[in-house]
Chemist: 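Quick one: the structure is below, and I'll ask about it shortly.
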Amino acid sequence: MLNDLERKSYMLHIGGAEYHIRYSLNSRLCLEQSYKSLEDILLIKVQDWSIDDVLQLVRAGFVDMYYNKRAVLRRDWDNIKIKHRKNYLSIAELGKIISQKDLIAIKIELMEAIIGSFPEPIYGETEDFNNGRSDIDYKPLWAWYVAILHRPESEFYRSTLKEIYEKIDSYLIIKGMKDKPAEVSEFID
């Protein structure tokens with residue numbers, strides 16, 4: 001379906017407003033350079049995330065909005081804005097809007113968006129984890145995406161890991177370098 005080609009975003013509800021967020025490589029870079037890596041945050045149980053963790057994840061989810069383009073190009077993460085109704089909020093101003101009762105729902109929505117940015121696990125494959133953590137080597141991904149697929153570097157950074165892996169896999173399947181994944185049926189009794 002054509003709908004499958006759309007860039008996927010996830011809903012986030014804060015202060016009675018709905019937002020679309022996504023976790024691209026720009027989002028991950030924002031977290032790494034201004035707070036801590038997404039992987040470090042994910043090592044913490046969701047219920048134990050601090051308000052700072054939540055605010056930083058929210059800010060990272062807004063990185064690729066059109067009104068943040070200049071801040072992203074300059075890697076000026078402190079000037080990432082969040083559009084709330086007709087105003088643009090800083091991360092500190094956003095923190096004042098989040099109520100304690102909405103915090104659990106916000107954490108769940110953030111986790112759904114983060115999980116949605118990861119590639120689908122391959123059935124039957126296992127990853128070699130190091131203390132519950134698997135680091136991603138971004139250099140080969142960049143080489144495939146930019147050098148081999150001839151896609152713009154800016155598109156690479158605006159894409160989620162899931163989107164990058166899907167494009168590389170599609171290329172390999174079309175070129176006959178990879179078999180199409182087997183369909184896995186799930187039966188629910």
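Just the heavy atoms: all of them, side chains too, but no hydrogens, waters or symmetry mates, feed the values below. Along the sequence shown, residues carry numbers from 1.
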Chemist: Less than 4.5 Å apart, side chain to side chain, heavy atoms only: is that true for Ile21 and Val58?
Modeler: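 A side-chain contact is absent here, since even the closest heavy-atom pair is not under 4.5 Å.
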Chemist: Give, for atom NZ of Lys180 and atom CD1 of Ile174, the distance between the pair rounded to the nearest 0.5 Å.
Modeler: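 So the gap between those two atoms works out to 10.5 Å.
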Chemist: Once rounded to the nearest 0.5 Å, what's the spacing between atom CH2 of Trp142 and atom NZ of Lys139?
Modeler: 11.0 Å
Chemist: Of all residues at least two apart in sequence or in a different chain, which pass the side-chain hydrogen bond (donor to acceptor under 3.5 Å, both in side chains) check with Tyr171?
Modeler: none
Chemist: Between Leu57 and Lys107, is any pair of side-chain heavy atoms under 4.5 Å apart?
Modeler: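 No, side chains not in contact.
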Chemist: With Asp179, which residues qualify under side chain to side chain contact (heavy atoms under 4.5 Å, CB included), at least two apart?
Modeler: none
Chemist: Restricting to non-hydrogen atoms, name the atom on Asn79 and the atom on Asn68 that form the minimum distance, rounded to 0.1 Å.
Modeler: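 Residues Asn79 and Asn68, closest heavy atoms: O-OD1, 4.0 Å.
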Chemist: Indicate yes or no: at least one non-hydrogen side-chain atom of Leu38 is less than 4.5 angstrom from one of Phe118.
Modeler: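 Sidechains of Phe118 and Leu38: in contact.
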Chemist: What's the spacing between Asp169 CG and Met177 CE if we round to 0.5 Å?
Modeler: 11.5 Å
Chemist: Looking only at heavy atoms, which two atoms of Ile136 and Arg28 are closest? And how far apart?
Modeler: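 What the structure gives for the nearest pair is CD1-NH1, 4.3 Å.
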Chemist: Indicate yes or no for a side-chain donor-acceptor contact from Ser27 to the backbone of Ala60 under 3.5 Å, with no hydrogens or angles considered.
Modeler: yes
Chemist: Measure the spacing between NZ of Lys175 and CG of Leu172 and express it to the nearest 0.5 Å.
Modeler: 10.5 Å
Chemist: Between His84 and Gly15, which heavy-atom pair has the shortest distance, and what is it?
Modeler: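 So the two residues come closest at CE1-O, 4.1 Å.
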Chemist: Is Tyr10 reachable from Ile108 through a run of I, L, V, M, F, W or Y residues, each pair having side-chain heavy atoms under 4.5 Å apart?
Modeler: no
Chemist: Can you hop from Leu110 to Ile115 via hydrophobic side chains spaced under 4.5 Å?
Modeler: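 Leu110 and Ile115: one cluster.
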Chemist: Quick one: do Ile14 and Ile51 end up in the same hydrophobic cluster if we chain Ile, Leu, Val, Met, Phe, Trp and Tyr together by side-chain heavy atoms under 4.5 Å apart?
Modeler: yes
Chemist: Got a sec, which pairs hit salt bridge (Lys or Arg N to Asp or Glu O under 4.0 Å) with one end in residues 60-72, sequence neighbours left out?
Modeler: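 As it turns out, there is no salt bridge (Lys or Arg N to Asp or Glu O under 4.0 Å) pair with a partner in residues 60-72 once direct neighbours are skipped.
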Chemist: Listing request: all salt bridge (Lys or Arg N to Asp or Glu O under 4.0 Å) pairs with a residue in residues 86-99, at least two apart in sequence or in separate chains.
Modeler: none
Chemist: Going from OH on Tyr145 to OH on Tyr165, what distance comes out if it is rounded to the nearest 0.5 angstrom?
Modeler: 13.5 Å
Chemist: Hey, could you give me each pair passing salt bridge (Lys or Arg N to Asp or Glu O under 4.0 Å) that has a residue in residues 72-82? Not counting sequence neighbours.
Modeler: Arg59-Asp78
Chemist: Identify whether Ile168 and Ile173 are in the same connected component of the hydrophobic contact network (ILVMFWY, side-chain heavy atoms under 4.5 Å).
Modeler: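 In one cluster with Ile168: Ile173, no.
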Chemist: Do any pairs count as a salt bridge (Lys or Arg N to Asp or Glu O under 4.0 Å) and have a residue in residues 154-164, sequence neighbours left out, and if so which ones?
Modeler: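 For residues 154-164: Arg7-Glu163, Arg22-Glu163, Glu120-Lys162, Arg151-Glu155, Glu155-Lys167.
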Chemist: Who clusters with Met11? Use side-chain heavy atoms, under 4.5 angstrom, across I, L, V, M, F, W and Y, and order the result by chain and number.
Modeler: none
Chemist: Taking side-chain hydrogen bond (donor to acceptor under 3.5 Å, both in side chains) as the definition, give me every residue that meets it alongside Glu18, ordered by chain and number, with sequence neighbours left out.
Modeler: His13
Chemist: So, using side-chain hydrogen bond (donor to acceptor under 3.5 Å, both in side chains) as the criterion, who are the partners of Glu32 when residues are at least two apart?
Modeler: none
Chemist: How about Ile80 and Val72: do any of their side-chain heavy atoms sit closer than 4.5 Å?
Modeler: yes
Chemist: State whether the number of non-hydrogen atoms from other residues, nucleotides or ligands found under 6.0 Å of Gln100 atom CD is greater than 12.
Modeler: no
Chemist: Does anything in residues 23-64 pair up under ring pair (Phe, Tyr, Trp, His ring centres under 6.0 Å), and if so which pairs, sequence neighbours excluded?
Modeler: Tyr19-Phe62
Chemist: Would you say CD1 of Ile44 has more than 12 non-hydrogen atoms from neighbouring residues, nucleotides or ligands within 6.0 angstrom?
Modeler: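 It does: Ile44 CD1 has more than 12 such atoms within range.
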Chemist: In this structure, which one of Ile164, Thr160, Leu141 forms a side chain to side chain contact (heavy atoms under 4.5 Å, CB included) with Leu25?
Modeler: Ile164
Chemist: Who are the salt bridge (Lys or Arg N to Asp or Glu O under 4.0 Å) partners of Lys36, not counting sequence neighbours?
Modeler: Asp53
Chemist: Is Ile41 linked to Leu103 within one hydrophobic cluster, defined over Ile, Leu, Val, Met, Phe, Trp and Tyr using a side-chain heavy-atom separation of less than 4.5 Å?
Modeler: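 In one cluster with Ile41: Leu103, yes.
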Chemist: Could you report the tightest heavy-atom contact between Pro119 and Leu161, atom names first, then the distance?
Modeler: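 Closest heavy-atom pair between Pro119 and Leu161: CD-CB, 3.8 Å.
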Chemist: Compare every heavy atom of Ser34 with every heavy atom of Gln56, then report the nearest pair and how far apart it is.
Modeler: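 Taking Gln56 first and Ser34 second, the nearest heavy atoms are OE1-OG, 4.1 Å.
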Chemist: Who pairs with Tyr88 by ring pair (Phe, Tyr, Trp, His ring centres under 6.0 Å), at least two apart in sequence or on another chain?
Modeler: Tyr67
